[in-house]
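A short write-up of the structure that comes next.
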Amino acid sequence: QVRMVETGGGLVQAGGSLTLSCAASGRTDRRYAMGWFRQSPGKEREFVAAIGWSGASTRIGVAVKGRFTSTRDNARTTVFLQMSSLKPEDTAVYCCAGTFGGSPTQDSSAYSNWGQGIQVTVSS
């Protein structure tokens with residue numbers, strides 16, 4: 001089992017930047033891809049980004065492409081979601097998730113471990 005904890009959320013003005021972190025603990029000795037999803041009231045969960053075990057392979061969601069990036073630390077236990085040029089429509093609860101295996105995926109059903117989520121609010 002792997003525990004995921006997100007930090008770094010909060011309130012930011014439109015056009016600003018924010019970086020989320022997700023720390024994984026537990027069975028992180030195995031190859032483990034991690035992803036970010038978000039959900040706002042009345043909307044379905046949306047894929048944001050995913051990064052593979054090595055950190056070299058990433059996938060970025062269509063709605064955030066060109067504005068968000070995902071990186072991973074050298075220990076491979078923490079992933080970051082760097083968000084820039086934020087828009088009010090980026091307001092949501094952001095969750096990180098993990099799946100054993102090396103490749104990033106945007107399929108939420110592939111992820112077996114989820115964080116509690118963290119609120120990001122972008123004011124206009």
Side-chain angles (χ1 to χ4, degrees):
Q1 192 71 2
V2 179
R3 182 169 178 257
M4 327 278 293
V5 178
E6 304 97 338
T7 56
L11 175 66
V12 63
Q13 287 190 332
S17 300
L18 199 64
T19 296
L20 303 183
S21 301
C22 176
S25 60
R27 290 299 309 273
T28 57
D29 55 315
R30 296 172 57 184
R31 294 168 61 86
Y32 199 67
M34 296 172 77
W36 290 94
F37 294 81
R38 68 184 183 185
Q39 190 166 19
S40 53
K43 293 187 177 180
E44 292 188 356
R45 183 164 55 197
E46 179 183 24
F47 169 74
V48 178
I51 187 165
W53 168 248
S54 70
S57 181
T58 60
R59 290 194 175 190
I60 304 295
V62 172
V64 303
K65 190 165 288 185
R67 300 187 297 122
F68 291 15
T69 59
S70 185
T71 57
R72 192 162 192 159
D73 72 337
N74 289 337
R76 302 191 180 110
T77 57
T78 302
V79 295
F80 305 95
L81 182 67
Q82 293 95 352
M83 306 182 291
S84 62
S85 302
L86 283 161
K87 305 174 182 179
E89 51 263 44
D90 293 319
T91 295
V93 174
Y94 285 71
C95 290
C96 69
T99 179
F100 290 109
S103 300
T105 176
Q106 64 185 63
D107 181 2
S108 62
S109 66
Y111 292 87
S112 54
N113 296 287
W114 291 80
Q116 294 276 23
I118 194 164
Q119 179 70 44
V120 171
T121 302
V122 183
S123 63
S124 57

At their closest point, which heavy atom of [X] faces which heavy atom of [Y], and how far apart are they?
X: M34; Y: A24; value: CE-CB, 4.0 Å
X: S40; Y: T91; value: CB-O, 3.5 Å
X: G98; Y: Y32; value: CA-OH, 3.2 Å
X: A92; Y: Q119; value: O-NE2, 3.5 Å
X: R59; Y: P104; value: NE-O, 3.8 Å
X: A14; Y: P88; value: CB-CD, 4.1 Å

Which value, rounded to the nearest 0.5 Å, describes the distance between [X] atom [atom1] and [Y] atom [atom2]?
X: Q39; Y: E46; atom1: CD; atom2: CD; answer: 10.0 Å
X: S103; Y: R31; atom1: OG; atom2: CZ; answer: 7.0 Å
X: W36; Y: I60; atom1: CH2; atom2: CD1; answer: 12.0 Å
X: L81; Y: Y94; atom1: CG; atom2: OH; answer: 7.5 Å

query: Can you tell if the side chain of M83 reaches within under 4.5 Å of the side chain of V120, non-hydrogen atoms only?
result: yes

For residues 2-10, run the donor-acceptor check on the side chains, cut-off 3.5 Å, and write out each pair with its distance to 0.1 Å, sequence neighbours left out.
from: E6; atom 1: OE1; to: Q116; atom 2: N; distance (Å): 3.3
from: E6; atom 1: OE1; to: G117; atom 2: N; distance (Å): 3.0
from: E6; atom 1: OE2; to: C96; atom 2: N; distance (Å): 2.9
from: E6; atom 1: OE2; to: G117; atom 2: N; distance (Å): 3.2

Membership question, hydrophobic clusters at under 4.5 Å side-chain separation (ILVMFWY): are [Y] and [X] in the same one?
X: V64; Y: L86; answer: yes
X: F100; Y: I51; answer: yes
X: L20; Y: V93; answer: no
X: V48; Y: F80; answer: no

Any donor-acceptor N/O pair, [X] side chain to [Y] backbone, under 3.5 Å:
X: R72; Y: G52; answer: yes
X: T58; Y: A50; answer: no
X: T99; Y: A110; answer: yes

Salt bridge (Lys or Arg N to Asp or Glu O under 4.0 Å) against R67, all qualifying residues, sequence neighbours excluded: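 Result, salt bridge (Lys or Arg N to Asp or Glu O under 4.0 Å) vs R67: D90.
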
statement: For W114, the other hydrophobic cluster members (4.5 Å side-chain criterion, sorted by chain and number) are F37, F47, Y111

D107 atom CG: more than 12 heavy-atom contacts under 6.0 Å: yes

